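Report on the following structure.
Because the structure is a prediction, the values reported are computed rather than measured.
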Amino acid sequence: MKKIEIKIPGKTYPIFLGDGITNSFRRVIKSGNFCKNFFFVVDSNVFEYHGEKINSLISAGGGKSFVHVFESNERNKSFDGAQKIYSDLISHGFARDTLVVAVGGGITGDITGFVASTFMRGVQFVQIPTTLLSAVDSSVGGKTGINFEHTKNIIGTFFQPEFVFIDTEFLNTLPKDELVCGIGEILKYAFLSNDELFDALNNNLDKLLLLKPAFTKKIIETCIRFKGDVVAKDEKESGLRKILNFGHTFAHAFEVEQNYLLKHGQAVTVGIMCALELSRGLELISDKQFARFASLPMKLKDKIVVRNFNADDIYEIMKRDKKGTSDKIKFVLLNKLGRLLLDVTAEKAAVKAAIEKGAGYFVK
């Protein structure tokens, strides 16, 4: 079991990573100063496929425990979904001496973290990500959130977990589209990092789709360490952390416009192509650079489907993005691998052209 330290100013916490490490959860709990009353929020699909693992996690506590089974989808990542979790916390007598544990993907982690950060003004919180996307990205860094009025993650908090516990055995039951979602976030790190990671992914993407153990764990660790370093320097996204939004301004709008038939990680891949097109349109990258950079996300072209879309609607949705201002959409765009430009604005015509070209690759 590998231990990776995330050093946020004011708080350092570990991420545990390994294959088949669920039985070590009890040892981790006993080694720290954690509350013994456990409140689990568990993705219903994870509970169905990994009930024995969940029971093992539950038994690690020394006090009372309760499992709130959560149907993980963007519509339930809402005030209504949060209210149901609060209701169970209160009706079953949980208080400040509670450890709230999220077991699931990014949606489950986001809403559970939001509840943990606001229940009793904040209780202990642990992430146990069970998808590739949540393992490499959403479980790290302390962002929580819910959706509201057709806008993703518009309400949320920054709330760091006590620790993150990644057992890669959970990934073995993921359907292919969930693996594609995780790879969408991993592709982002290829552009943020360097030629070595970009080329490794470009040459070995099939190994991720097949979950080859050594390569998969190496990539997960690489992404975690990269994000951990960024978050340590800019926890509240006032500067550097904005690079992690590469492709996401487009992606969130596509998710909403496509009525969430396009999953987050899939939308990130589409968003990356739109961001590359806008970077080329603004002459931040050359045609030659674009061809090289686009070769990686385009490996997923046949695994992602964008249905008929309206570029004007997507543009209007992007104007509500929480990273923008009242009248400007701010983008993270690419100049070269490892060099991102923050808070870039562009004319509506250029943005719409990028939407149409970038998404056009995935229209079937």
Report task. For R280 and D287, indicate whether the former's side chain and the latter's backbone hold a donor-acceptor pair under 3.5 Å. Result -> no
Report task. Measure from the side-chain N and O atoms of N147 to the backbone N and O of N153, and report whether any donor-acceptor pair falls under 3.5 Å. Result -> yes
Query raised in the report: Would Y13 and E162 count as having a side-chain donor-acceptor pair, cut-off 3.5 Å?
Result: no
Query raised in the report: Is a side-chain N or O of D313 found less than 3.5 angstrom from the main chain of E316, in a donor-acceptor match?
Result: no
**Report entry** Sequence neighbours excluded - salt bridge (Lys or Arg N to Asp or Glu O under 4.0 Å) pairs with any residue from residues 34-61
**Finding:** K53-D167, K53-E169
Query - Polar side-chain atom of E74 near backbone of E255 as donor-acceptor pair, under 3.5 Å - result: no
Report summary line: Applying side-chain contact (heavy atoms from CB on, under 4.5 Å) to Y86 and not counting sequence neighbours gives A82, F114, V115, T118, F119
Query raised in the report: Do D110 and K152 meet the salt-bridge criterion of a basic N to acidic O distance under 4.0 Å?
Result: no
**Report entry** Heavy-atom check, side chain of L208 versus side chain of D206, under 4.5 Å
**Finding:** no
Query - Euclidean distance, L132 CG relative to L171 CG, rounded to 0.5 Å - result: 6.0 Å
Query raised in the report: Taking all non-hydrogen atoms of both residues, which atom of V268 and which atom of G184 are closest, and how far apart?
Result: CG1-O, 3.5 Å
Do any side-chain atoms of residues 346-358 form donor-acceptor pairs under 3.5 angstrom with protein atoms, and if so which ones, sequence neighbours left out?
| from | atom 1 | to | atom 2 | distance (Å) |
| --- | --- | --- | --- | --- |
| K352 | NZ | D312 | OD1 | 3.1 |
| K352 | NZ | D312 | OD2 | 3.3 |

Query raised in the report: Taking side chain as C-beta onward, heavy atoms only, is I183 less than 4.5 Å from L205?
Result: yes
Query raised in the report: Side-chain donor-acceptor pair under 3.5 Å between K242 and N245, yes or no?
Result: no
Query - Side-chain ion pair, E178 and K176, N-O less than 4.0 Å - result: no
Query raised in the report: Just wondering, do L57 and N55 contact through their side chains at under 4.5 Å, heavy atoms?
Result: no
Query - Geometric cation-pi criterion, K64 with F94: 6.0 Å, 45° - result: yes
Query raised in the report: Quick one: ring-ring contact (aromatic ring centres under 6.0 Å, His included) partners of F125, sequence neighbours excluded?
Result: none
Query raised in the report: CZ of R292: more than 12 outside heavy atoms within 6.0 angstrom?
Result: yes
Hey, can you pull the donor-acceptor pairs under 3.5 Å for the side chains in residues 65-73, sequence neighbours left out?
| from | atom 1 | to | atom 2 | distance (Å) |
| --- | --- | --- | --- | --- |
| H68 | ND1 | D88 | OD2 | 2.8 |
| N73 | OD1 | R75 | N | 3.1 |
| N73 | OD1 | N76 | N | 2.8 |

**Report entry** Single-linkage hydrophobic cluster L211~V46, side-chain heavy atoms < 4.5 angstrom
**Finding:** no
Report task. Say whether K212 and N204, considering side chains only, have a donor N or O and an acceptor N or O under 3.5 Å apart. Result -> no
Query raised in the report: Are there more than 12 heavy atoms of other residues, nucleotides or ligands under 6.0 Å from atom CD of E196?
Result: no
Report task. Determine, step by step, whether L340 and N335 satisfy the side-chain contact (heavy atoms from CB on, under 4.5 Å) criterion, reporting the C-alpha distance in whole Å, the side-chain angles of both residues, the deciding distance to 0.1 Å, and the verdict. Result -> CA-CA 6 Å; L340 284 297; N335 184 239; over 6 Å; no
Report task. Could you check whether the rings of F163 and F25 sit parallel, tilted or perpendicular, using 30° and 60° as the cut-offs? Result -> tilted
Query raised in the report: Under 3.5 Å, is there a donor-acceptor pair linking the side chains of T157 and T144?
Result: yes
**Report entry** Partner set under side chain to side chain donor-acceptor pair (under 3.5 Å) for S44, not counting sequence neighbours
**Finding:** none
Report task. State, yes or no, whether a side-chain contact exists between L333 and L282 at a heavy-atom distance under 4.5 Å. Result -> yes
Query - From I107 atom CD1 to L133 atom CG, the distance as rounded to the nearest 0.5 Å - result: 9.5 Å
Query raised in the report: Relative to the ring of F191, is the ring of F293 parallel (under 30°), tilted (30 to 60°) or perpendicular (over 60°)?
Result: perpendicular
Query raised in the report: Do any N or O atoms from the side chain of N203 and from the backbone of D199 form a donor-acceptor pair under 3.5 angstrom?
Result: yes
Query raised in the report: Got a sec: does the NZ of K30 have more than 12 other heavy atoms crowding it under 6.0 Å?
Result: no
Report task. Decide if atom OH of Y315 counts as having more than 12 heavy atoms of other residues, nucleotides or ligands within a radius under 6.0 Å. Result -> yes
Report task. Check whether any side-chain N or O of Q258 sits under 3.5 Å from a backbone N or O of R307 as a donor-acceptor pair, and report yes or no. Result -> yes
Report task. Consider only side-chain N and O atoms of E185 and H248, and report whether a donor and an acceptor are under 3.5 Å apart. Result -> yes
Requested in this report: Sequence neighbours left out, what passes side chain to side chain donor-acceptor pair (under 3.5 Å) with D177? Give chain and number order.
Outcome: K263
Query raised in the report: Of all heavy-atom pairs between P297 and M273, which one has the smallest distance, and what is that distance?
Result: CG-SD, 3.5 Å
Requested in this report: Nearest 0.5 Å please: distance from the SG atom of C181 over to the CD1 atom of I186.
Outcome: 11.5 Å
Requested in this report: List for me each residue that meets side chain to side chain donor-acceptor pair (under 3.5 Å) alongside S91, sequence neighbours excluded, and say none if there are none.
Outcome: none
Query raised in the report: Excluding sequence neighbours, so at least two apart, what forms side-chain contact (heavy atoms from CB on, under 4.5 Å) with M1?
Result: F16, I21, S24, R27, V28, F165
Report task. Among Ile, Leu, Val, Met, Phe, Trp and Tyr joined by side-chain contacts under 4.5 Å, find the other residues sharing a cluster with L261 and list them by chain and number. Result -> none
Query raised in the report: Would the number of heavy atoms belonging to other residues, nucleotides or ligands and lying under 6.0 Å from NE2 of H150 be above 12?
Result: no
Requested in this report: Nearest 0.5 Å please: distance from the CG atom of N310 over to the CD atom of E257.
Outcome: 6.5 Å
Query - Modelled atom types, side-chain donor and acceptor of T130 and H50, under 3.5 Å - result: no
Query raised in the report: Side-chain contact, heavy-atom cut-off 4.5 Å: L334 with S279?
Result: yes
Donor-acceptor list for residues 220-234 side chains, cut-off 3.5 Å, not counting sequence neighbours:
| from | atom 1 | to | atom 2 | distance (Å) |
| --- | --- | --- | --- | --- |
| E221 | OE1 | K2 | NZ | 3.2 |
| E221 | OE2 | R225 | NE | 2.9 |
| E221 | OE2 | R225 | NH2 | 3.0 |
| T222 | OG1 | K218 | O | 2.8 |
| K227 | NZ | D137 | O | 2.8 |
| K227 | NZ | V140 | O | 2.9 |
| D234 | OD1 | E237 | N | 3.2 |
| D234 | OD1 | S238 | N | 2.9 |
| D234 | OD1 | S238 | OG | 3.1 |
| D234 | OD2 | S238 | N | 3.2 |
| D234 | OD2 | G239 | N | 2.8 |
| D234 | OD2 | L240 | N | 3.1 |
| D234 | OD2 | R241 | N | 2.8 |

Report task. For the residue pair Q160 and E235, confirm or rule out a side-chain donor-acceptor distance under 3.5 Å. Result -> yes
Query - Interatomic spacing from CD1 in I85 to CD1 in I90 - rounded to 0.5 Å - result: 12.0 Å
Query raised in the report: Taking only residues two or more places apart in sequence or in another chain, which ones pass side chain to side chain donor-acceptor pair (under 3.5 Å) with S193?
Result: none
Query - Side-chain (T131) to main-chain (S134) donor-acceptor, under 3.5 angstrom - result: yes
Report task. Show the numbers, then the answer: is there a side-chain contact (heavy atoms from CB on, under 4.5 Å) between V126 and F34? Result -> CA-CA 10 Å; V126 167; F34 303 114; 5.6 Å; no
Query raised in the report: Would a 4.5 Å heavy-atom cut-off, applied to side chains only, mark S295 and N202 as touching?
Result: yes
